[in-house]
J.: 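Handing you a structure now.
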Amino acid sequence: MNKVCLIGRLTKDPEVRYTQTNNTLVANFTVAVNRRFKKETDEITADFIPIIAWSKTGEFCSSYFKKGQQVGICGRIQTRNWDDDEGQKHYATEVIAEDVFFADSKKDNDGFDNPFGTNTTSDFEVSASDDLPF
């Protein structure tokens, strides 16, 4: 099984391009994922993971993901290789995003616009005198 789930921060806004053959949208971005354990220097170490999101997923990422935002990515790892014009072989390992989501807490996300335009305040409240079944 090839499945990966990451939570990290975008290093820059997603870059969008379209394929030449069938004009399919593809968004590329990098997520900085902190390593779980610190080194002795108390520095947090991060891995910078390249992400590719195709079609509707890529469209969502390009519309709503911004630099510095914490996001979650679930997808698969893909490796590829190619030869450049000088005959040098190059290798790349990337995550192909299948599911993406916001991972910032509501408090952390105050600097970002709410893309869905939903009202974050509610008129609903529970009083101590309410008889609730739970």
Side-chain angles (χ1 to χ4, degrees):
M1 179 180 347
N2 182 355
K3 185 77 168 177
V4 62
C5 292
L6 304 167
I7 294 178
R9 296 200 178 273
L10 270 71
T11 61
K12 61 182 178 178
D13 291 349
E15 295 176 4
V16 175
R17 63 180 176 83
Y18 293 86
T19 61
Q20 291 179 351
T21 53
N22 56 1
N23 207 31
T24 303
L25 183 141
V26 59
N28 296 329
F29 54 96
T30 301
V31 176
V33 179
N34 288 339
R35 291 190 181 169
R36 188 170 181 185
F37 301 103
K38 295 180 184 179
K39 291 186 176 182
E40 294 173 8
T41 61
D42 286 336
E43 273 185 37
I44 295 176
T45 306
D47 292 303
F48 296 85
I49 313 293
I51 310 292
I52 298 175
W54 291 92
S55 302
K56 294 287 185 189
T57 305
E59 189 176 329
F60 178 87
C61 293
S62 68
S63 296
Y64 301 119
F65 284 4
K66 303 293 177 217
K67 178 182 177 179
Q69 197 172 22
Q70 189 171 29
V71 297
I73 309 291
C74 290
R76 60 186 167 81
I77 294 177
Q78 177 176 289
T79 59
R80 59 189 174 94
N81 60 65
W82 68 96
D83 294 326
D84 66 14
D85 295 337
E86 286 121 30
Q88 286 282 51
K89 195 147 194 104
H90 296 269
Y91 299 91
T93 302
E94 303 151 328
V95 172
I96 307 301
E98 295 167 351
D99 296 309
V100 298
F101 54 92
F102 300 104
D104 274 328
S105 69
K106 188 173 177 181
K107 179 182 172 189
D108 292 341
N109 205 19
D110 285 346
F112 298 101
D113 293 334
N114 185 347
F116 303 109
T118 56
N119 186 0
T120 56
T121 60
S122 173
D123 293 333
F124 177 80
E125 63 182 58
V126 177
S127 76
S129 63
D130 287 344
D131 189 23
L132 297 176
F134 51 88

J.: Is a side-chain donor-acceptor pair under 3.5 Å present for Q78 with R76?
T.: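 A donor-acceptor contact under 3.5 Å links the two side chains.
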J.: Once side chain to side chain contact (heavy atoms under 4.5 Å, CB included) is applied, do any residues pair with E86, and if so which ones, sequence neighbours excluded?
T.: D84
J.: Any chance you could measure N34, atom CG, to L6, atom CG, to the nearest 0.5 Å?
T.: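 So the gap between those two atoms works out to 12.0 Å.
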J.: Using the ring-ring contact (aromatic ring centres under 6.0 Å, His included) definition, which of the options W54, F101, F102 pairs with F60?
T.: F102
J.: Before you tell me yes or no, could you show the steps for V71 and L10 under side-chain contact (heavy atoms from CB on, under 4.5 Å), namely the whole-Å CA-CA distance, both residues' side-chain angles and the distance that decides it to 0.1 Å?
T.: CA-CA 7 Å; V71 297; L10 270 71; 3.2 Å; yes
J.: Using side-chain heavy atoms (C-beta onward) and a distance below 4.5 Å, is F65 in contact with I51?
T.: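 Not touching, per the 4.5 Å side-chain cut-off.
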J.: Restricting to salt bridge (Lys or Arg N to Asp or Glu O under 4.0 Å), what partner residues turn up for D83, sequence neighbours left out?
T.: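 Per chain and number, D83 pairs via salt bridge (Lys or Arg N to Asp or Glu O under 4.0 Å) with K89.
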J.: Can you name the nearest heavy-atom pair linking A27 to G58, along with the distance?
T.: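 Shortest heavy-atom contact: CB-O, 3.6 Å.
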J.: So if you build clusters from Ile, Leu, Val, Met, Phe, Trp, Tyr with side-chain heavy-atom gaps below 4.5 Å, do Y64 and F29 land together?
T.: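 Yes; tracing contacts between hydrophobic side chains, which count when under 4.5 Å, links both residues.
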J.: Can you pull the side chain to side chain donor-acceptor pair (under 3.5 Å) pairs that have at least one residue in residues 12-21, sequence neighbours excluded?
T.: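 Every side chain to side chain donor-acceptor pair (under 3.5 Å) pair that includes a residue of residues 12-21, provided the two are not neighbours, is K12-E15, T19-N22.
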J.: Out of V95, I49, D99, which residue meets the side-chain contact (heavy atoms from CB on, under 4.5 Å) rule with I73?
T.: V95
J.: So, for T57 and E98, which heavy atoms are closest and what is the spacing to 0.1 Å?
T.: OG1-O, 4.0 Å
J.: Within a strict 4.5 Å, meaning less than it, do heavy atoms of the T24 and S55 side chains meet?
T.: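 The answer is yes, as the side chains (C-beta and beyond) meet within the 4.5 Å cut-off.
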J.: Find out whether R9 and D104 are in side-chain contact, i.e. whether some heavy atom of one side chain is under 4.5 Å from a heavy atom of the other.
T.: yes
J.: Is R35 close to D47 at the side-chain level, that is, under 4.5 Å between some pair of heavy atoms?
T.: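 Result yes, sub-4.5 Å side-chain heavy-atom pair found.
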J.: For N2 and I77, work out which heavy atoms get closest and say how close.
T.: ND2-O, 2.7 Å
J.: For residues 53-65, pull every pair meeting salt bridge (charged side-chain N to carboxylate O under 4.0 Å, His left out), keeping only residues two or more places apart or in separate chains.
T.: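 For residues 53-65: none.
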J.: Would you name the heavy atoms of A103 and I7 that are closest together and state the gap between them?
T.: CB-CG2, 3.9 Å
J.: Cluster question for you: counting only ILVMFWY and a side-chain heavy-atom cut-off of under 4.5 Å, with indirect links fine, are I96 and L25 together?
T.: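 In one cluster: no.
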J.: Who are the side chain to side chain contact (heavy atoms under 4.5 Å, CB included) partners of D85, not counting sequence neighbours?
T.: none
J.: Could I get the full list of side chain to side chain contact (heavy atoms under 4.5 Å, CB included) partners for S62, not counting sequence neighbours?
T.: V16
